[in-house]
Amino acid sequence: MAEIYQSTSEDLLCAFEDGVLVLTMNRPERRNALSRPMLTNMAQLLETAEVDTDVRAVVLTGAGGAFCAGGDVRAMAESDQSETGIDAAIHLQRISQRATAGRLHMMPKPTLAVLPGAAAGAGLSPALSCDLRIAAAGAVLTTAFAKVGFSGDYGGTYFLTQLVGTAKAREMYFLSDRYSGEEARDLGIVNRVVDPEALMDDAMALARRLADGPPIAYRYMKENLNRALGEDPLDCMDLEVTHHVHAGFTEDHRDAVQAFLEKRPPVFKGR
């Protein structure tokens, strides 16, 4: 079945071997910031992988020393928000979130995020949606949203709360501080921190171990573990994106994007 796993976008690389599907976000010049082609292609490949019995584990990583910087702030500054109404934007992003971060979390097989470097904002969220995370020493994690006047998307508020508890998740979202890989490990966000040179070897050894495990038992384990979380993650993600898109239409967000590009502190006016 390897021949069906062909990327349709240069923004996302795809490899399949020994039961492991590896998806690599591939915009190193933008620290793998999310793009529409990347997300669309990721959604297509994950949809296929979910029902393909040859795929026993899924790995998500990034090229060029970063995991994912999140939304492309430069593209945000250049976009015309008036072209898409709020309701249409919410609907489209709900579909995207469910098909990417939502599917990584819900699909009945193990998913592993491999963080060679920075994971920020919406680029952190897909890592949090995976079952396991392994990071290179020196990797940096941050929610980042508060610094650009956004509220958060791609499931990060749900997944982070489950991992670190509500008090720490609120601190991490409100303040948007940076956390080292070691700090993230101590908080329970990542499972392992390894030397950068050994990252992919260690990650693939773990992925192959998962791929060699009992797929039927894993399916039931994952459903049991997801049900134990309580709230429906997809309902939480739907509400999250509604708030996120509304925040994107505010003056505060637009100024914060310009501030980011101009390397100055944003001034939030509450409108």
Side-chain angles (χ1 to χ4, degrees), residues 9 11-12 25 27 30-44 46-47 60 67-106 119-129 142-162 166 169-170 172-176 231-261 266-271:
S9 168
D11 289 359
L12 185 74
M25 295 174 283
R27 301 181 72 202
R30 295 286 183 92
R31 292 192 304 161
N32 304 320
L34 299 172
S35 69
R36 184 56 53 194
M38 179 194 294
L39 290 166
T40 299
N41 195 196
M42 188 185 301
Q44 293 167 342
L46 290 174
E47 181 179 16
L60 180 66
F67 182 73
C68 180
D72 191 331
V73 177
R74 190 170 300 278
M76 294 178 198
E78 296 170 353
S79 67
D80 182 0
Q81 291 178 313
S82 64
E83 292 181 358
T84 305
I86 290 179
D87 289 338
I90 290 171
H91 180 68
L92 289 173
Q93 193 164 333
R94 282 184 175 181
I95 292 172
S96 177
Q97 291 191 172
R98 283 173 170 250
T100 52
R103 180 158 272 125
L104 285 165
H105 179 69
M106 301 291 287
L124 175 61
S125 299
L128 300 177
S129 76
T142 176
T143 63
F145 292 113
K147 294 186 176 180
V148 290
F150 259 145
S151 58
D153 58 351
Y154 284 87
T157 51
Y158 175 84
F159 300 124
L160 190 61
T161 298
Q162 303 297 336
T166 183
R170 289 168 196 247
M172 293 180 71
Y173 265 81
F174 290 167
L175 301 182
S176 290
E231 294 289 334
D232 186 320
L234 299 182
D235 287 347
C236 293
M237 290 173 70
D238 284 351
L239 181 60
E240 183 188 56
V241 73
T242 299
H243 294 156
H244 185 80
V245 172
H246 275 284
F249 279 77
T250 62
E251 181 182 322
D252 278 350
H253 166 66
R254 291 193 296 271
D255 179 73
V257 167
Q258 288 301 318
F260 178 89
L261 298 176
V267 178
F268 296 120
K269 301 177 180 178
R271 59 177 184 262

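Remark: Asp255 pairs with Arg264 by the side-chain hydrogen bond (donor to acceptor under 3.5 Å, both in side chains) rule, at least two apart or across chains. Not counting sequence neighbours, the partners of Thr40 by the side-chain contact (heavy atoms from CB on, under 4.5 Å) test are Arg36, Gln44. For the side-chain hydrogen bond (donor to acceptor under 3.5 Å, both in side chains) test, residues two or more places apart in sequence or in another chain that qualify with Glu251 are Arg271. Under the salt bridge (Lys or Arg N to Asp or Glu O under 4.0 Å) criterion, Arg31 pairs with no residue at all, not counting sequence neighbours. Residues passing the side-chain hydrogen bond (donor to acceptor under 3.5 Å, both in side chains) test with Ser129, sequence neighbours excluded: none. Among residues two or more places apart in sequence or in another chain, the side-chain contact (heavy atoms from CB on, under 4.5 Å) test is passed with Ala122 by Leu34, Phe145, Asp153, Tyr154. Every side-chain contact (heavy atoms from CB on, under 4.5 Å) that Arg94 has, sequence neighbours left out, goes to Ile90, Asp238, Val241, Thr242. By the side-chain contact (heavy atoms from CB on, under 4.5 Å) test, Ser176 is found to be paired with Thr142, Thr143, Ala146, Lys147, residues two or more places apart in sequence or in another chain being considered.
No side-chain heavy atom of Asp11 sits under 4.5 Å from any side-chain heavy atom of Met25.
The CG atom of Asn32 sits 10.0 Å away from the CG atom of Leu12 when rounded to the nearest 0.5 Å. Leu128 CG to Thr157 OG1: the interatomic distance, rounded to the nearest 0.5 Å, is 10.0 Å. The line from CE of Met42 to CG of Leu60 is 5.0 Å long, rounded to the nearest 0.5 Å. The line from CZ of Phe249 to NE2 of His244 is 11.0 Å long, rounded to the nearest 0.5 Å. Here the straight-line distance linking atom OG of Ser35 with atom CZ of Arg30 works out to 10.0 Å at 0.5 Å rounding.
Tyr173 approaches Leu160 most closely through the heavy-atom pair CE1-CD2, 3.7 Å. Scanning all heavy atoms of the two residues, the minimum distance from Ala256 to Gly149 falls at CB-N, 3.9 Å. Scanning all heavy atoms of the two residues, the minimum distance from His246 to Thr250 falls at O-CG2, 3.6 Å. The two residues Pro126 and Ala101 come nearest to each other via the heavy atoms CA-CB, 4.4 Å. When all heavy atoms of Met38 and Ala33 are compared, the pair lying nearest together is CE-O, 3.5 Å. Of all heavy-atom pairs spanning Thr161 and Ala169, the tightest one is OG1-CB, 3.6 Å.
With hydrogens and angles ignored, the 3.5 Å screen pairs no side-chain donor or acceptor of Arg98 with any backbone N or O of Arg103.
Ring planes of Tyr158 and His105: perpendicular class, angle over 60° (limits at 30 and 60°).
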